[in-house]
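First up is the structure itself, then whatever we jot down about it.
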Amino acid sequence: AQKITQTQPGMFVQEKEAVTLDCTYDTSDQSYGLFWYKQPSSGEMIFLIYQGSYDEQNATEGRYSLNFQKARKSANLVISASQLGDSAMYFCAMRAFISSGSARQLTFGSGTQLTVLP
Amino acid sequence: GAVVSQHPSWVICKSGTSVKIECRSLDFQATTMFWYRQFPKQSLMLMATSNEGSKATYEQGVEKDKFLINHASLTLSTLTVTSAHPEDSSFYICSSGGLAGATYEQYFGPGTRLTVT
């Protein structure tokens with residue numbers, strides 16, 4: 001079984017500053033992927049960044065970077081130079097990879113509501 | 001990237017009626033679709049996994065006779081909420097399945113907001 005824990009229900013950050021959203025996970029799978037999604041008030045799920053369990057380097061996508069610490073089972077999202085449009089709910093998720101067979105679903109954390117202050 | 005559409009985007013229905021939500025993959029073949037439900041201020045909870053041409057697999061606690069899932073083709077999966085009640089009011093999101101070994105090939109539909117009065 002997989003479990004994702006996000007301990008920050010709400011976070012505030014000043015515009016143009018950086019913010020870290022915490023995510024820890026638990027799994028018995030050897031191969032897995034970690035994801036971050038942004039969900040604005042419209043409800044759409046916007047993919048932000050992905051990290052594979054065997055990736056040696058931390059993933060980066062523009063202003064988003066993932067601080068992956070495998071031994072600690074953490075996959076924190078760092079948003080640099082926050083913008084007002086970053087205000088949204090952020091979900092950490094994971095999916096196990098299997099060598100064969102059908103697709104696997106994502107398991108989501110409880111989410112963090114980020115508010116960027118002007 | 002790939003696109004998944006959902007219809008309707010929002011629906012209001014009376015208690016006791018049934019509502020069908022369609023999820024279409026527009027430019028790829030989705031052999032697997034996942035259906036999630038999200039209550040306000042909460043996370044996405046997996047309801048069921050549908051595979052093209054076979055019966056859906058439901059998560060524990062989800063009534064399969066109430067939430068009927070049909071995946072008759074590689075581009076269309078439907079969720080029917082039968083005899084809807086106010087407690088079924090929620091945001092329903094479908095997602096295509098990522099293949100084994102793939103990375104972030106998980107495409108979400110825009111969601112359907114269901115309100116049962």
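Sequence lines set the chain letters: A, B, ... in the order given, protein chains first and strands last, and positions in each chain run from 1.
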Going through the distances and angles, do A/Phe47 and B/Tyr107 end up as a ring-ring contact (aromatic ring centres under 6.0 Å, His included)? CA-CA 9 Å; A/Phe47 166 76; B/Tyr107 306 109; 9.1 Å; no
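- One distance of note links CZ of A/Phe91 with CD of B/Gln38; it measures 5.0 Å at 0.5 Å rounding.
- Contact of A/Thr112 with chain B is not made at all, since no heavy-atom distance falls under 4.5 Å.
- With a 4.5 Å cut-off on non-hydrogen atoms, B/Leu44 touches chain A through its backbone and its side chain both.
- Clustering ILVMFWY residues whenever any of their side-chain heavy atoms sit less than 4.5 angstrom apart, transitively, puts B/Val19 in the very cluster that holds B/Met47.
- Most heavy-atom pairs under 4.5 Å with chain B, from the set A/Pro9, A/Gly111, A/Ala93, A/Gly109: that is A/Gly109.
- A distance of 7.5 Å separates OG in B/Ser43 from CD in A/Gln6, rounded to the nearest 0.5 Å.
- Counting non-hydrogen atoms of neighbouring residues, nucleotides and ligands closer than 6.0 angstrom, the NE2 atom of B/His7 reaches no more than 12 such neighbours.
- When the shell of 6.0 Å around NZ of B/Lys66 is examined, it contains more than 12 heavy atoms from other residues, nucleotides or ligands.
- Note on A/Ser42, A/Gly43, A/Gly33: by heavy-atom pairs under 4.5 Å with chain B, the leading option is A/Gly43.
- Atom CD of residue A/Glu44 and atom OG of residue B/Ser9 lie 12.0 Å apart, to the nearest 0.5 angstrom.
- Here the closest heavy-atom approach between residue A/Leu106 and residue B/Tyr36 is recorded as N-OH, 3.2 Å.
- Within a 6.0 Å radius of CD in A/Gln30, no more than 12 heavy atoms belonging to other residues, nucleotides or ligands are found.
- Neither the backbone nor the side chain of B/Gln6 has a heavy atom closer than 4.5 Å to any heavy atom of chain A.
- Linking ILVMFWY side-chain heavy atoms closer than 4.5 Å, directly or via other members, places A/Phe108 and B/Tyr92 in two distinct hydrophobic clusters.
- For the atom pair NZ of B/Lys41 and OG of A/Ser110, the computed distance is 13.5 Å after rounding to the nearest 0.5 Å.
- Heavy-atom neighbours of B/Phe39 CZ from other residues, nucleotides or ligands within 6.0 Å: above the threshold of 12.
- Residue-environment remark: NZ (B/Lys20) stays at or below the threshold of 12 foreign heavy atoms within 6.0 Å.
- Looking at A/Gln39 and B/Ile93, their side chains come closer than 4.5 Å, going by heavy atoms from C-beta outward.
- Counting non-hydrogen atoms of neighbouring residues, nucleotides and ligands closer than 6.0 angstrom, the NZ atom of A/Lys16 reaches no more than 12 such neighbours.
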